[in-house]
Amino acid sequence: MGIDNFCSLDGSDPFWDWNRTWQTHNPDLTPCFQNTVLVWIPCLYLWLFAPLYILYLKRNDRGYICMTHLNRAKTAIGFTLWLICWADVFYSFWERSHGATIAPVYLVSPTMLGVTMLLATFLIQYERMKGVQSSGVMLNFWLITIVCATVTFRSKILHALNEPASVNVFKYTTFYIYYTMLLISLILACLSDQPPLFSQAVRDSVSELYLKKVEVCFIIWILMVTGYKRPLEEKDLWSLNTEDKSQRVVPQLVRRWDQECNKVKRPVDKTLYSPKRSAEEEKKDGQPIEESEILLVKTLKKTGDPSLFCALCRTFGPYFLVSSLYKIVHDILMFVGPEILRLLIQFVNDSSAPDWHGYFYTTLLFVCTCVQTLILQKYFHVCFVTGMRLRTAIVGAVYRKALVITNAARRTSTVGEIVNLMSVDAQRFMDLITYINMIWSAPLQVILALYFLWQNLGPSVLAGVAVMVLMVPLNAVIAMKTKTYQVAQMKSKDNRIKLMNEVLNGIKVLKLYAWELAFKDKVSAIRESELRVLKKTAYLGAVSTFTWVCAPFLVALSTFAVYVLVDEHNILDAQKAFVSLALFNILRFPLNMLPMVISSMVQASVSMKRLRVFLSHEELDEDNVERPAISSCESNSIRIVDGAFSWCKDDSPTLKRINVRIPEGAFVAVVGHVGSGKSSLLSALLGEMQKQKGSVSIKGSVAYVPQQAWIQNATLKDNILFGRDGKDSWYQKVVEACALLPDLEILPGGDSTEIGEKGVNLSGGQKQRVSVARAVYCNCAVYLLDDPLSAVDAHVKLSVFWEYMKAIGLPLSIFSIFLFFCHHLSSLGSNYWLSLWTDDPVINNTQPNREMRLGVYGALGISQGIAVFCYSVAVSVGGILASRYLHQTMLYNILRSPMSFFERTPSGNLVNRFAKETDTIDSVIPSIIKMFMGSMFNVLGSCAVILIATPLVAIIIPPLGLFYFFVQRFYVASSRQLKRLESVSRSPVYTHFNETLLGTSVIRAFGEQQRFITESDGRVDHNQKAYFPSIVANRWLAVRLEFVGNLIVTSAALFAVMARDSLSPGIMGLSISYALQVTASLNWLVRMSSELETSIVAVEKVKEYGDTEKEAEWRLEHSTLPAGWPTAGHIEIHNFGLRYREDLELAISDISVNIEGAEKVGIVGRTGAGKSSLTLGLFRIIEAAQGEIRIDGVNIAELGLHELRSRITIIPQDPVLFSGSLRMNLDPFDGYTDEEVWRALELAHLKNFVSGLPDKLNHECSEGGENLRVLVLDKGQMAEFDSPSNLIAKKGIFYKMAKDSGLV
């Protein structure tokens, strides 16, 4: 039985009838089609998805929702729909029993629909039991059902109006009730039910499941309205989804990476000599005899490099594949537009075609563009979420690796390089993810475009293919060269960030020695080499842009030329020309994007290699130190047997033949000359060195106090507790025992005082006492102390954009804009010329002026190419000029800032300015400006062409333009705040990471790795919590603004249909082909304007340091200072006082001292007495608040800072070395001869040591008396001043301090 007999036994109701559906002025579908296809589509949808959906709900139980009015209403309507369907079935049986002839379709379709409604009712209840508040599956079902039923609804109304006598009242009544129930079901499906019982997660977060539904519109609107009314705050943001959090994402990547590492390792046999204690034999002194046993151990040897790419693919590939499916659908829908354009031109040429055909094509165009918009935005959402997870995973993996790499590996990866891994490299992966699908999507779009072009123009399209093939090797060479430059640029960037990190860490030493200019020149030299590479990359990029921007036009030109010249009877009419032009415009996007994606992939491959190398670094062996249980029979607390240790696995041992036994409760001091290996021994005990031989065991927990105190950016109490539970009585004992009580009285907030980064607001002695207190509070079994007493005593404004333009240079900026204008004017001219060509009359089956038309068309295209190349070079070079100026200005301003600025500004913020923000100015902003300008001119040009072709569009474009403007402004208000919150929360990630890198040995010694990992993950999640809403907000904006573009496309087509009698096919084709570009151009314009506004923040952040307070001038223009000053060294201090901030009391006051030349004066006093403050005042690190200091009669306040600081010197409390040669560290200005440098080393007792180094003065440093008089300070004032013997005789403050120290 055929389908026609299934619908009517006599075949009177065919399945399809062209005369009824198409070739008529009032189209309608046949009853057979309505009763089969339109009924079965929603049924098939639900039965296909129901099993998968039920399985999903079973595995993702979110709780239980109590029966609510909403759920009762949904269930009641479901049963009602089921009853209506069964009523139709029973009515058909009743008709059949009364002799009527009933076709099978009237029994089968209602039955199928009824069973489907019963399934829908079951799913409603099952969702409630599994805690689903709103269902995307059911919403789609009701939407599909209502769309299908709407066609039948219209048909029944037409039938009732045209043939009222043949209306079946019962079936019509049941259908109208059915249609009403469907509408109510659709509305109810848009509403959300109450949260499940006992489910905190649902209340706290907006899960991604909800983002698939209509409910998201209301959620985003709430955020947008809030952001428009007032600045957004952290409390306004949603909690991050569980699947996006570090605790879920990072372990997945780490696990996959470990699997990849294990793949490239093979087992080998290794012989070890292990010490063994004999239980039976003992020496005469009662100590057990040591024996050794030979062990054959299976070890793993690395046979190759693990693949980070495979680890990333296995971790994020499955979710990311969803975006690929969306992209395929979107790419196919892209080619619907040119086909509809062909049908519209055909409609205009066919005067006999019914008017509704044109309106149908217009509606179809609108629906397709809207569906395309929704799919594209869903694609971008998946891509951005994947990118966000990828960044989270990379940052987490790098942080975890940094905690376990060996000291030798740390020397190969500096702090600057590791920070770049977390900031620049992770960001590049995140950016690439958005466009990585273009690698296969671009070729797919090109193939589809060429296929449709072949259908339109035949073999002539092969000429265009030849042009594209010729461009591939050229761009391959450019890509390879770009990769080489990228590696060189990243190397320079790493060196620059490394040096800047050292400069910021040692800024106090730089200022004390007046070395700012020397290091400014060193940073600038590295920066210049970086910019030279950038300039070469810019020229390559200009050539690449020229080839790919011109590629679509050259393809079009060659194709049209071959088509019209190969046969004079080949007519280039409007349909062929503009359908081809629309396809060429589609071709333009993949050809433009492909080099950008290839360039991004080249950059990402460099970043991937850097990440792979870092993640492959050798890790500390946990078995370096054995940890026997406290209850074991081992009597020694620490035991080393025949130990040999080195800093690197392949180095010769630094320590060898080490045998140590320390019983429990013993207090042991390790003494020796400088460099004899004391600190190395402690490192070996901590497992920080590579154990080459022997065994090490430590019984019980360990506390460690490093030589250089490591202080966190937290309260003083938190520094002492170090993550342990607070026990007040024990805490008070520790504070008292470590002599911190006087310090707590001095600090403004006591133990709740926030300690700045690296403990900047603590003296050296205070930092060391806090470090000791941390160890004591832990109450450990073993304490390792490395010389612990060594130191004891926002919104973005247009003005910012103009600042950037000024940095480029206004003439170059204006010239670049002019070139943009010329390029797009040439493009418009060439397409308008093409429309005139297609409207040329055909005489004897040929167009007479085709050679002239072709020549002018080609000339206009060549002018486009020249303009493209010129503006690409101009913008890129302008960007480099701006970047050089902004970087140099920022560097100078930061070096001119006083020490107080560095004490209150986290170094993570400053490093971020020189790393990420500078990279944004270097690479991102110029390319965004080019794309922004291109998109803007495309939109303006398209609107101009549409207005010229169909002036009636002027009715719709101004309102849409206003809507576009207000929606964007509405969005920008919230977007700006989200970017601010994201930016504010990003710096703490790097600050904490910097802090961790400086204290890895302490963290490992205390076993606090997991707590620090959790803290880092929390900071990353906090940052992503602000980033995720910006993703959703971008999609919110794009959907609305692309809808504006879709309306422009629809309006152009609609008014062209209305004016079909007065519009030439050429002009209509030109108008609609440009209209088809508007949506993509608007989408790109929105993205680029948002990106530009976001990226230009980097300029604002870089320039903000120009407005901060500055030190006094380094050198005065008219200095009268004698050349040899100071000659005598006579220091007069008169009533001197200073304060650290304007709002604070004087730190020292009323100091009056007269120090003769050649006198040696020691300044002593308890912590906080003002010793360091007086020294800072002498060097004008802090300016005087009262009184004056004179050296050889010259008031130092009247000198330039470098004039003062370069003539006096100091040995800083904290020793600082900069990476570079030893000679550079001694004489950065190259102002002294080698003989003078060697003399200085000899006086410092370092000559023999340096002489023994392989490179002597060129040795590379890695990153980090009776004639003495004493000045005693107390509470910021001078208390005593005399020789030590006289002060002791007086038995004053100095005597008490000496007595407390055990000196008297």
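- Looking at S1221 and N1258, their side chains never bring a donor and an acceptor atom within 3.5 Å of each other.
- For the pair K401 (side chain) and H617 (backbone), a donor-acceptor distance under 3.5 Å is present.
- Residues passing the side-chain contact (heavy atoms from CB on, under 4.5 Å) test with L470, sequence neighbours excluded: none.
- For A538, the side-chain contact (heavy atoms from CB on, under 4.5 Å) test picks out S876, I880, with sequence neighbours left out.
- By the 4.0 Å N-to-carboxylate-O rule, D331 lies close enough to K327 to be salt-bridged with it.
- Between the side chain of S872 and the backbone N or O of V868, no donor-acceptor pair lies under 3.5 Å.
- Rounding to the nearest 0.5 Å places SG of C822 at 11.0 Å from CD1 of I866.
- Looking at heavy atoms from C-beta onward, M601 lies out of side-chain contact with Y435 at the 4.5 angstrom threshold.
- The shortest non-hydrogen separation linking V597 to L432 is O-CD1, 4.2 Å.
- Residue pairs that meet the ring-ring contact (aromatic ring centres under 6.0 Å, His included) test with at least one member in residues 913-935, sequence neighbours left out, are H887-F914.
- When all heavy atoms of P590 and M438 are compared, the closest pair comes out as CA-CE, 3.9 Å.
- Considering only heavy atoms from C-beta on, Y485 stays 4.5 Å or farther from L534 through its side chain.
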Requested in this report: Take V250 and Y399 through the test side chain to side chain contact (heavy atoms under 4.5 Å, CB included) and record every step on the way to the result.
Outcome: CA-CA 10 Å; V250 181; Y399 187 89; over 6 Å; no

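- Partners of T484 according to the side-chain hydrogen bond (donor to acceptor under 3.5 Å, both in side chains) rule, which considers only residues two or more places apart in sequence or in another chain, do not exist here.
- For the residue pair S524 / E528, no side-chain donor-acceptor distance below 3.5 Å is found, with atom types taken as modelled.
- Of the residues listed (L421, V398, V1020), the one engaging F993 in a side-chain contact (heavy atoms from CB on, under 4.5 Å) is V398, and it is the only one.
- Between S923 and Q486, the closest side-chain pair of non-hydrogen atoms is not below 4.5 Å.
- The backbone N or O of A915 sits nowhere less than 3.5 Å from a side-chain atom of D919 that would complete a donor-acceptor pair.
- The structure places CG of L910 at 5.0 Å from CD1 of I894, a figure rounded to the nearest 0.5 Å.
- Atom NZ of K491 sits in a sparse spot, with 12 or fewer heavy atoms from other residues, nucleotides or ligands closer than 6.0 Å.
- Taking 4.0 Å as the cut-off between side-chain N and carboxylate O, K609 and D305 do not count as a salt-bridged pair.
- In this structure, the side-chain contact (heavy atoms from CB on, under 4.5 Å) partners of A518, at least two apart in sequence or on a different chain, are P1228, F1229.
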Could you pull out all donor-acceptor pairs under 3.5 Å where a side-chain atom in residues 309-317 meets a protein atom, sequence neighbours excluded?
from : atom 1 : to   : atom 2 : distance (Å)
R314 : NH1    : Q259 : OE1    : 3.1
R314 : NH1    : E260 : OE2    : 3.3
R314 : NH2    : Q259 : OE1    : 2.5
T315 : OG1    : A311 : O      : 2.6

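- The two atoms that bring N938 and S1081 nearest to each other are CB-OG, 3.6 Å, heavy atoms only.
- Residues V877 and Y539 come closest through the heavy atom pair CG2-CE2, 4.1 Å.
- Atom CD of Q445 is separated from atom CH2 of W440 by 8.5 Å, given to the nearest 0.5 angstrom.
- In this structure a side-chain-to-backbone donor-acceptor pair under 3.5 Å is present from T918 to R913.
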Query - Stepwise side chain to side chain contact (heavy atoms under 4.5 Å, CB included) check, R389 with Y319 - result: CA-CA 11 Å; R389 293 177 182 175; Y319 179 75; 3.7 Å; yes

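- With hydrogens and angles disregarded, a donor-acceptor distance shorter than 3.5 Å links the side chain of Y379 to the backbone of T434.
- With no hydrogens or angles considered, a side-chain donor-acceptor pair links Q1024 and T392 at under 3.5 Å.
- Across all their heavy atoms, R884 and L531 have their closest contact at CB-CD1, 3.5 Å.
- Taking the six-membered ring where the residue is Trp, F869 and F546 present perpendicular rings, their angle passing 60° and hence far from 30°.
- Between R527 and L891 the shortest side-chain heavy-atom distance does not fall below 4.5 Å.
- Of the inter-residue distances, the one linking M933 atom CE with L1092 atom CG reads 10.0 Å to the nearest 0.5 angstrom.
- Remark: of the listed residues F815, F820, F818, F820 is the sole one forming a ring pair (Phe, Tyr, Trp, His ring centres under 6.0 Å) with Y871.
- Side-chain atoms of S544 never come within 3.5 Å of backbone atoms of L540 as a donor-acceptor pair (strictly under, hydrogens ignored).
- The minimum heavy-atom distance linking P988 with R1019 is given by the pair O-NH1, 3.1 Å.
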Requested in this report: Verify side chain to side chain contact (heavy atoms under 4.5 Å, CB included) between K916 and R986, making sure each step is shown before the conclusion.
Outcome: CA-CA 11 Å; K916 188 174 186 302; R986 191 195 314 129; 3.7 Å; yes

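- Within the 4.5 Å cutoff, the side chain of S323 has no heavy atoms near those of the T386 side chain.
- Between R400 and D1017 there is a salt bridge, with a side-chain nitrogen of the basic residue lying less than 4.0 Å from a carboxylate oxygen of the acidic one.
- If you take CG on N501 and CG on D494, they are separated by 11.5 Å, rounding to the nearest 0.5 Å.
- Between D922 atom CG and E917 atom CD the span is 11.5 Å, to the nearest 0.5 Å.
- M430 has its side chain within reach of Y1027: a pair of non-hydrogen atoms, C-beta onward, lies under 4.5 Å apart.
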**Report entry** V911 vs Y990, side chain to side chain contact (heavy atoms under 4.5 Å, CB included): CA-CA, chis, key distance, verdict
**Finding:** CA-CA 9 Å; V911 171; Y990 304 135; over 6 Å; no

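- Here the side chains of L819 and V875 are not in contact, with every heavy-atom distance at 4.5 Å or above.
- Here the side chains of T1000 and V404 are not in contact, with every heavy-atom distance at 4.5 Å or above.
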